[in-house]
Protein chains: 2
Amino acid sequence: MRPRTRRGGGRPTIADVARKAGVGAITVSRALREPDRVSRELREQIDKAVAELGYVLDRNARALASARADVVAVLVPSLTNNVFADVVRGLYDGLGDSHLQLHIGNTHYSGLEEERLLQGFIGQRPSAVVLSGIDQTATSRAILKEAGCPVVQIMEIGTDPIDMMIGFSHVEGGRAVTRHLIEAGYRRIGFIGARMDPRSQRRLAGYRAALEEAGLFDLRLVTTTTAPSSVSLGRELFRDALAKVPTLDAVFCNNDDLAVGVLFECNRAALAVPGKIGIAGFNDLEMMDVAYPSITSVRTPRYDIGRRAIAMARAAIAGERPEQRVVDTGFELMRRESTAR
Amino acid sequence: MRPRTRRGGGRPTIADVARKAGVGAITVSRALREPDRVSRELREQIDKAVAELGYVLDRNARALASARADVVAVLVPSLTNNVFADVVRGLYDGLGDSHLQLHIGNTHYSGLEEERLLQGFIGQRPSAVVLSGIDQTATSRAILKEAGCPVVQIMEIGTDPIDMMIGFSHVEGGRAVTRHLIEAGYRRIGFIGARMDPRSQRRLAGYRAALEEAGLFDLRLVTTTTAPSSVSLGRELFRDALAKVPTLDAVFCNNDDLAVGVLFECNRAALAVPGKIGIAGFNDLEMMDVAYPSITSVRTPRYDIGRRAIAMARAAIAGERPEQRVVDTGFELMRRESTAR
DNA sequence: AAGGGAAATGGTAGCGCTACCAAGATCGCG
DNA sequence: CGCGATCTTGGTAGCGCTACCATTTCCCTT
């Protein structure tokens, strides 16, 4: 009958450290969590014992004992998408020197998948949850309200936050870029959209509103697909759009990948940009400014949203409730050569 | 003196489910993990109780009790980079219906950061670890050998795997594309590199070997920076390279972002591609085939590497040791318009 | 000098789950 | 029909850590 080491792989525990340092286990625990509350002398002994034993804290045990994990659960619809890659980078940088960990889940733009992931994450009792958009299912909302931890919805704003929210209006983004195209003198302005998730739908709504306002809307101008966005898809959709409406003189693409595809296709087909065709994208990827001609786009503060979302979550974890639960970051229309007619 | 609910937020536990279903707690635990080992009748009662109580398994408690978390720790050098985004997508898809979770860490191309993250991840007792490249520090290697779980190094191969390895030779990739440029008739072939992490260094080594073999190498042909890669950086570096060597007639870019930047700059400066300047990239992003002209690149099976890495890890977790510890996926040279002279 | 309070340290009792073992029920086979 | 093998179920005892409370020591007041 082995007395100890029945299961754990024999890794040193906090008790081993305590024995070696000649202190109580709880003091080691404290030295690790709140060094200020332990005398310098003991702290040094403990640090030494930790180093000598190669002790590593068992996060699972800590999470169980303290009924919460130092984890922020993050749900994004895609990781392949540059847009969310920037957000995630901002989230990471927002962590700073906190001992929080990020656990990223990929919803693949599916509300049900989001529910499933949420279920799993909540089982870890995260310190906070960050999720994308405002179109959670009723079940997801219920789970989150129940969870009792700060929740930050990002990339979009709306009137009914689960808890907190930081982002911008996609309707206004779509409207702004479309108005710009109208002002530039374009008249047959197409919309090209891939994926057509709720945010894309709202960009389309903004586009439509702007065109209707000017009496220029025509359903045939809209070319969309639910297939995932890509540069090659931009080419395909542009060809379709042009076949449908040969008088097309501009396109607003629901994201920059598509816009780049349209540009390449125009180059290939010798359609002058911006003379013959105006092109505008959305998100303002770094590439848009370098393209030839450079491409008009809507700059969205993705990295910043990530950073600030974590800052909001950290403040809320610390008990500081913000006076403003919904933060509108706005966006910036970047006028470039591709629409300078 | 409250008898129960001292800490946990009052969420139902496995004991609550057991009481409601009229069975022992351990039977509930089994029904959740190995449904086949519980009679149909009890299983249905338990499922019902779970649903009614809204029971969610506490992963921390499970991990503590079973001394391992159903987690695969993944370390990648960057999340913003399309290349690793594809790998991560493959990893996710490789998970399939297993109950494994992915925990992603971002090393920012730093060995020390990798060590730090590894330390944290090991504290969670992951079921497996996946990490990028073959240049881990001695400390990292030691930690991993100690950890006693399967380890998969990805995206590159070498002769001294920590455990398992899947990827391809970056030296050969660089050599192949450079030879192609030589065969296409280019003579003053530049190398443009950003970041210059170890894999980029090895691509450069392959480039150099190919040029030396042909008696064409010249140090001034190499233009690199440690700054992170971007399309605009491709433009800058190309300008620098051209200023240094005005007779430059081709460039091999250590990745596709740079190559696109070079293409845009050539368009802007009215340098004919491939006539005046040949361009080749690395990784074969989807965009390369759509660009005008389309850009030669080295296709790397990133998504596939992700999937197969998880498959290898899962097999190893299940106790199946592969006969082949190092898997060379190879790569494919995609010859396109940008080098078709 | 007595009293009050803060700071430093430790002991006890779980957190919610599962490994391990035991025991009863069922079955097959000679 | 007896006996071992298999299946199903349950009890006990932790996993490694921390919340909660108790204790001791040392100041600082008054």
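Convention: sequence-line order gives letters A, B, ...; per-chain numbering from 1.
For B:R43 (side chain) and B:P35 (main-chain N/O), a donor-acceptor pair under 3.5 Å exists by modelled atom type.
Taking atom CD on A:E34 and atom C1' on C:dA8, their separation rounds to 12 Å, with Å as the unit. Across the protein-nucleic acid pair, B:L32 atom CG and C:dC17 atom P stand 9 Å apart, rounded to whole Å. When the P atom of C:dG11 is taken as reference, atom CD1 of A:I14 falls 14 Å away, rounded to whole Å. Note: CG (A:D70) to P (D:dT18) measures 10 Å, nearest angstrom. Rounded to an integer number of Å, the gap from A:R19 CZ to C:dG10 C1' is 15 Å. Summarising the geometry, the separation between CZ on A:R33 and P on C:dA8 is reported as 15 Å, rounded to the nearest angstrom. Regarding B:I26, its CD1 atom lies at a distance of 8 Å from the C1' atom of C:dC17, rounded to whole Å. Atoms CD (B:Q124) and P (D:dG16) sit 16 Å apart, rounded to a whole Å.
An OP1 or OP2 oxygen of C:dG10 is reached within less than 4.0 angstrom by a side-chain nitrogen or oxygen of A:T27. The side chain of A:S29 places an N or O atom within less than 4.0 Å of a non-bridging phosphate oxygen (OP1 or OP2) of D:dT18. Remark: A:S39 is in phosphate contact with C:dT9, judged by side-chain N or O atoms under 4.0 Å from OP1 or OP2.
Using a 4.5 Å heavy-atom cutoff, the side chains of B:D197 and B:D135 are not in contact. The side-chain heavy atoms of A:V72 and A:I310, taken from C-beta on, include a pair separated by under 4.5 Å. Here the side chains of A:L79 and B:L79 are not in contact, with every heavy-atom distance at 4.5 Å or above.
Taking every side-chain heavy atom of B:R37 into account, D:dT8 is the closest of D:dG16, D:dT8, D:dC15.
Within residues 52-64 of chain B, the residues that have a heavy atom under 4.0 Å from DNA chain D are, in order of number, B:L64.
Each of B:E115, B:Q153, B:R141 was checked for a side chain to side chain donor-acceptor pair (under 3.5 Å) with B:Q136, and the lone residue meeting it is B:Q153.
Taking the six-membered ring where tryptophan is involved, the planes of A:H103 and B:H103 are tilted, since the angle between them lies from 30° to 60°.
At a cut-off of 3.5 angstrom, counting only N and O atoms as typed in the model, there is a donor on one side and an acceptor on the other between the side-chain of B:R30 and the base of D:dG10.
Interatomic distance, B:I104 CD1 to A:Y92 OH, rounded to the nearest 0.5 Å: 7.0 Å.
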